[in-house]
Number of protein chains: 2
Amino acid sequence: MKLVDRKLKILQAIIDDFITTAQPVGSRTIAKKYNLGISSATIRNEMSDLEEMGYLVQPHTSSGRIPSDLGYRLYVDNLMKQQELANRQKQLIQKLLINKIFEIEDLVQQSSKVLSKITNLTSLSLSPQFKKSKLKNIKLVQVDNDKVLLILVSSSGIVKNVIFRISEISQSILNKISNLLQAKLKGLTIEDLNDEVINNLKNEIYEYSTTIEALLPILRNTLCEIDDSEIYLDGITNIFNLPEFTDINRAKQFLSTLEKKELMYEVLKDSDQDDVCIKIGRENKLDEIKDYSVITATYKLNGRVIGKIGVIGPTRMNYSNIVPVMRYITDTLSEILKNINL
Amino acid sequence: MKLVDRKLKILQAIIDDFITTAQPVGSRTIAKKYNLGISSATIRNEMSDLEEMGYLVQPHTSSGRIPSDLGYRLYVDNLMKQQELANRQKQLIQKLLINKIFEIEDLVQQSSKVLSKITNLTSLSLSPQFKKSKLKNIKLVQVDNDKVLLILVSSSGIVKNVIFRISEISQSILNKISNLLQAKLKGLTIEDLNDEVINNLKNEIYEYSTTIEALLPILRNTLCEIDDSEIYLDGITNIFNLPEFTDINRAKQFLSTLEKKELMYEVLKDSDQDDVCIKIGRENKLDEIKDYSVITATYKLNGRVIGKIGVIGPTRMNYSNIVPVMRYITDTLSEILKNINL
DNA sequence: GATTAGCACTCGCTAGATTAGAGTGCTAAC
DNA sequence: GTTAGCACTCTAATCTAGCGAGTGCTAATC
């Protein structure tokens with residue numbers, strides 16, 4: 001059976017309607033609200049076909065239809081017209097992102113906040129992954145007689161540090177060691193710095209060997225413990241405004257899924273590396289979110305993807321609005337990152 | 001009317017029962033479950049008195065009674081026997097806190113996590129306030145030709161940093177400036193470093209005046225933007241296991257209150273500075289949490305209170321267990337902080 | 001005088017029954 | 001191929017009755 005134009009128009013109308021009303025859509029509704037020039041009986045026949053083809057689902061006999069995952073997929077790929085953002089929305093985004101604090105992590109979180117505010121969904125974001133970026137600087141700074149601050153700066157401008165104790169040592173020696181380490185390690189990604197690389201340093205640096213030996217385990221531990229899955233969520237309570245979550249158990253289940261950071265990390269990792277990625281219902285790998293849709297987008301620095309932001313919510317979400325919003329936010333974010341040029 | 005021993009025993013029984021069952025308690029329940037050696041009729045009379053005195057409330061005629069805020073207060077102050085922690089619980093706490101990452105903020109968050117896990121409530125914590133602690137070190141480190149990393153270390157071991165751009169400058173000059181700044185500012189709290197103090201530096205330091213002048217606004221901005229209200233929440237979804245939150249609207253309202261960080265900050269600030277502080281229902285200043293109880297405790301470094309942790313939940317909470325748990329956790333936390341001695 | 005048994009009464013909750021309404025699928029006419 | 005008409009289905013909302021837990025009061029008992 002071919003999807004003639006009329007069928008597509010009906011499907012589109014049903015999905016548009018269901019997205020706004022959250023109610024199963026009946027043939028009479030379509031006939032009245034959308035003037036397709038055909039009667040409800042004809043629409044009924046077409047709807048029956050569309051159900052047979054897997055694009056619609058009927059919650060129970062004698063109710064209207066709702067879109068299936070497949071239906072949404074067709075809609076997203078072929079039917080929806082991506083709304084151009086209103087200037088007002090663009091300005092709002094600009095206003096909330098520009099002139100803000102310029103710590104990269106804060107900026108990403110702020111983007112997430114804006115996203116959840118505009119979409120009324122829960123947003124999630126992944127800060128630039130420190131471990132995947134290159135080491136730009138490594139410094140040792142004395143902060144006390146017997147305490148030293150280890151500072152690692154990545155090429156994306158993230159700074160990680162840790163204070164540790166070490167028997168008395170002068171700043172000038174620390175400087176020399178810093179320089180040696182930097183010469184050896186600069187340009188490697190943090191991931192690259194595995195035990196082997198670190199241990200080899202012992203053999204490659206001949207000066208200050210006792211200090212270096214004391215230092216290496218600390219360096220190794222610090223690298224190990226760097227918390228890299230910087231998942232940030234915002235707008236969690238937004239879900240309570242959705243009719244899907246009047247069932248307390250569904251809300252509970254969803255919230256406890258959101259609370260599992262490692263799952264959210266998987267969700268973001270699972271998505272494409274380029275442009276906007278939409279995963280609808282069962283298209284998601286994780287069982288816990290097979291009833292939800294996730295839309296993600298990436299932001300870049302120097303042409304390289306360094307992180308992601310996304311929204312998660314019921315499969316019934318306003319795809320045609322969310323996609324351009326996310327595209328605009330990530331573009332703006334990338335632009336700002338380029339300009340502050342860390 | 002005097003609160004004779006028998007009345008107190010009945011009140012205690014009612015509260016104990018209500019805390020575990022969440023159901024209004026009737027006279028027959030008390031007579032059967034707690035052998036006080038009196039009949040349900042007598043208990044009914046006493047309960048009627050206790051209600052008149054304001055310690056009990058009847059949701060509707062012909063239902064059992066539930067404790068009022070005043071009832072809980074009496075219970076907390078005079079009736080409850082603080083349970084000694086089981087060794088198992090102590091060991092669990094020790095295990096989860098010791099051998100953990102030793103960033104002070106992570107440690108506090110971990111404490112919060114443990115607390116919510118044990119109490120099955122939502123926990124909140126306030127990390128050491130950077131602004132209230134003394135500046136121990138201030139350093140400038142070159143990370144790139146035209147980029148400098150400003151590092152501030154507080155006496156409680158918290159490190160804050162920011163990268164900024166400045167026209168080319170050598171590390172040796174940065175060192176000298178660092179030293180000058182450190183000499184002038186060390187020992188002041190971050191709060192003390194207001195615009196006036198910063199601006200005065202210009203007049204007090206004669207060397208490198210152009211660099212200093214470029215630096216000061218950056219320093220001022222950085223200090224301003226330090227995010228100090230480090231409120232962390234854990235176990236938010238725990239509330240869904242409580243019968244109090246089967247009403248979706250109540251859950252929604254509570255969650256959106258929790259989401260407001262500035263409110264949670266007030267909640268923690270509102271509590272006493274010493275030992276464990278219990279605020280029951282209307283004892284709380286904030287209207288939003290007048291139906292809830294908050295228990296907080298403080299942790300210390302060098303004898304000074306540097307932060308707090310707490311739990312929030314319905315007034316029906318297991319005070320007699322929570323109080324010793326919190327005391328044990330904060331004691332353990334303070335002990336660890338003393339030993340890692342940042 | 002304090003305590004208790006007994007009893008009528010209250011009130012929320014639950015289960016069933018009833019009804020209204022939205023929507024379908026089918027048939028027959030256009 | 002399209003549409004009007006109609007019988008049928010199923011949900012959701014409303015109503016009702018009855019149950020049960022619990023009270024307050026009275027009168028009898030210790």
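Proteins come first, then strands; the chains are lettered A, B, ... in the order of their sequence lines, and each starts at number 1. Computed over heavy atoms, backbone and side chain alike; hydrogens, waters and symmetry mates excluded.
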Please report the distance, rounded to the nearest Å, between [atom1] in [X] and [atom2] in [N].
X        : N       : atom1 : atom2 : answer
Arg28(A) : dG25(C) : CZ    : C1'   : 16 Å
Met47(A) : dG23(C) : CE    : P     : 9 Å
Gln58(B) : dG22(D) : CD    : C1'   : 8 Å
Leu50(A) : dG23(C) : CG    : P     : 17 Å
Ile43(A) : dG1(D)  : CD1   : P     : 18 Å
Gln23(B) : dC11(C) : CD    : P     : 19 Å
Ile14(B) : dG22(D) : CD1   : C1'   : 13 Å
Asn45(B) : dG22(D) : CG    : P     : 17 Å

Point to revise | Chi angles and distances behind the side chain to side chain contact (heavy atoms under 4.5 Å, CB included) call for Asp291(B), Arg250(B) | key: CA-CA 10 Å; Asp291(B) 290 331; Arg250(B) 183 159 185 197; 3.9 Å; yes

Please determine whether a side-chain nitrogen or oxygen atom of [X] lies at a distance below 4.0 Å from atom OP1 or OP2 of [N].
X        : N       : result
Thr61(B) : dC11(C) : yes
Thr42(B) : dT3(C)  : no
Arg65(A) : dT24(C) : yes

Review point. How about Asp17(B) and Tyr34(B): does a side-chain donor come under 3.5 Å of a side-chain acceptor?
Key: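 Short answer, yes.
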
**Study point:** Residue Ala41(B), side-chain atoms from C-beta onward, closest of dT3(D), dT4(C), dG24(D)
**Key:**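 Shortest atom-to-atom distance from the side chain points to dT4(C).
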
Review point. Among dT9(D), dT3(D), dT3(C), which is the nearest nucleotide to the side chain of Ser39(A)?
Key: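 Side chain of Ser39(A) sits closest to dT3(D).
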
I'd like to know if [X] pairs up with [Y] as an ion pair, taking the criterion as any Lys NZ or Arg NE/NH1/NH2 lying under 4.0 Å from an Asp or Glu carboxylate oxygen.
X         : Y         : value
Glu262(A) : Lys269(A) : no
Asp275(B) : Arg327(B) : yes
Asp69(B)  : Arg282(B) : no

Please list each protein N or O that sits under 3.5 Å from an N or O in nucleotides 12-22 of chain C, with the distance.
none

Check your understanding: Below 3.5 Å, does any donor atom in the side chain of Arg44(B) face an acceptor in the base of dG6(C), or the other way round?
Key ->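 Yes, a donor-acceptor pair under 3.5 Å.
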
Review point. Heavy atoms under 4.0 Å, any strand shown: does Ser27(A) hit a base, just sugar-phosphate, or nothing?
Key: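 Ser27(A): backbone/sugar contact only, no base atoms under 4.0 Å.
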
Exercise for review: Please name the pair of heavy atoms, one in Gln12(A) and one in Leu79(A), separated by the smallest distance, quoted to 0.1 Å.
Suggested key: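 Shortest heavy-atom separation between Gln12(A) and Leu79(A) comes out as NE2-O, 3.4 Å.
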
Review point. After noting the C-alpha distance and the side-chain angles of Glu288(A) and Thr257(A), does the key distance pass the side chain to side chain donor-acceptor pair (under 3.5 Å) rule?
Key: CA-CA 7 Å; Glu288(A) 288 88 340; Thr257(A) 303; over 6 Å; no

